[in-house]
2 protein chains.
Amino acid sequence: MAEQSEPTRRAPLSRDRVLRTAVARADAAGIGSISMRGLAQELGVVPMALYKHVANKDELLDGMVDLVIEEFDPPADGLDWKAGVRSRVLSARRAVLRHPWARLAIESRTRRTPTVLGYMDSLAGAFRGGGFSAHLTHHVMHALGNRIWGFTPELFDEPRGDDALPPTAEEQEAMAREFAQRYPHILEIAMAATDGDLSGVGGGCDEQFEFEFALDLLLDGFERLQRQGWVRRPG
Amino acid sequence: MAEQSEPTRRAPLSRDRVLRTAVARADAAGIGSISMRGLAQELGVVPMALYKHVANKDELLDGMVDLVIEEFDPPADGLDWKAGVRSRVLSARRAVLRHPWARLAIESRTRRTPTVLGYMDSLAGAFRGGGFSAHLTHHVMHALGNRIWGFTPELFDEPRGDDALPPTAEEQEAMAREFAQRYPHILEIAMAATDGDLSGVGGGCDEQFEFEFALDLLLDGFERLQRQGWVRRPG
DNA sequence: TTGACAGGTGTACATCGTACACCTACCGTG
DNA sequence: CACGGTAGGTGTACGATGTACACCTGTCAA
């Protein structure tokens, strides 16, 4: 009786609840922690129950990505194309940084859900509104690539999940010497990025700066082409 | 006896043979077809035998990527930095196109093997040799991002492995109408890219052109910064 | 002759996605 | 009120995967 009279022994499942739980789990424990079984357990339900709400794991992932995209700020008005695109992309970046797993998830899927298409369409609209030809809009969207999602492949990142024992001081010294010999330019870059303090290289990059540096470089390039009257490729 | 006297009943395993077989298999059947078990079978060997030559599957993938990188052309001499970087990146692209799985493999791994580091170091050297400060070199490498490997995330790609039944003519018509309403700018772009022939959108993009368009846009931007005497970020 | 060791084997386990048949509670219709 | 369809949750089962661990075997140096 005690059990029966409890008003809702378990909140009923729904696609939305499944997706939101998955997002929360991924936020906390990484995308690798998402399994149909684990997720079901967290929802107090048998694994197969999820399949009544999402077709399969791929669709689950797509849905999670959609939720992130829905966090993007709506377009602000009163901005010219350049400021508009810039602010939208940086807003996308903020959302993706809130959900670190999203970068990998976006990279690995190619499903064009309505949410994805909607975002792309509205970005394209910003360029068109700024006087870009359809052709030029096409090319600049390609040039932005995944940067429209607010991230760059982070070339100099720490390797993911490297949990070897930290090397001893002398091992470290020896590695550093060999590294300096084999990769002098990378060393130089790393020194520049960290102002000479190499402890924790990789964490030394200011990713936000790098992102905006590249974004502005591209936007400036776009602007120049558009002003020059670039309309479509010759031939 | 017949069996014993056969000179080599099976070519002996080696790390190299394992990796090359894996690359060939991935070339033929995609990265998804790479499993330790399948690979072992192809080599006429029990799965665990592979572990005497590669530490685990991750290392196998890293090794495969290294093989692709080793196909990149060596730096040509007599070129200025811009032509040099351009030709190296385009050479990387040719190699990656030869091994279509490599794009995904490179995106998903972050291990910096000596081969990876060597390539990055030599690219960085090209910029340094062209008069770029270490700081600027760092930033432009970030700006290139995965483009140094010769690919862009292909925003408008066909979704991978969509094997649903082809829609009927009327379904197609209805979808097209709805699409046009919801995503007018994407439609416009697609029309531009395909010169009005929408059959097989997505295949309509000239990826090579898009790649070079973006690459040159970036390289021109780099050149401009370098000429302006950009050395390091203020502050 | 011996014994170490590199390289190949066999068994076993945990984990995963998901197909399929089933049950059950509800709700609109007769 | 009876009833039948249906949405949603259950249980069992299968095949695949990566890989730990103990084992065997052939080769070669001492």
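Below, read A as the first sequence line, B as the second, and so on, with proteins coming before strands; counting in each chain starts at 1. Since this is a predicted model, take the numbers as computed values, not measurements.
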Phosphate OP1/OP2 of dA7(D) contacted by His53(A) side-chain N/O (<4.0 Å): no

Figure out the CG/C1' separation between Leu43(B) and dG7(C), and round it to whole Å. 14 Å

From the candidates dT10(D), dG17(C), dT9(C), the one with an atom nearest any side-chain atom of Val46(A) is dT10(D)

Under 6.0 Å between ring centres, would you say that holds for Phe151(B) and Phe211(B)? no

To the nearest angstrom, how far is Arg37(A) atom CZ from dT15(C) atom P? 10 Å

How close or far is atom P of dT15(C) from atom CD1 of Ile34(A), stated in whole angstroms? 17 Å

dG18(D) P sits how many Å from Glu59(B) CD, rounded? 15 Å

Measure the distance from CG on Asp58(B) to P on dT17(D) and round it to the nearest whole Å. 16 Å

Is it true that Thr113(A) and Asp66(A) share a donor-acceptor pair across their side chains at a distance under 3.5 Å? yes

Applying a 4.0 Å non-hydrogen cut-off, can you work out what Lys57(A) is touching in the nucleic acid: base, sugar-phosphate, or nothing? sugar-phosphate

Ion pair Arg37(A)/Glu42(A), N-O distance below 4.0 Å: no

Using whole Å, report how far CE of Met48(A) lies from C1' of dG11(D). 10 Å

Indicate whether any N or O donor in one side chain lies under 3.5 Å from an N or O acceptor in the other, for Glu71(A) and His99(A). yes

Hey, which sits more toward the 5' end of DNA chain C by its nearest nucleotide, Ser14(B) or Ser35(A)? Ser14(B)

Write down the distance between CD (Gln41(A)) and C1' (dG9(D)), rounded to a whole number of angstrom. 16 Å

Tell me the interatomic distance from Met36(A), atom CE, to dA19(C), atom P, rounded to whole angstroms. 10 Å

If you assign each of Lys52(B) and Leu50(A) to its closest nucleotide in DNA chain D, which residue comes earlier from the 5' end? Leu50(A)

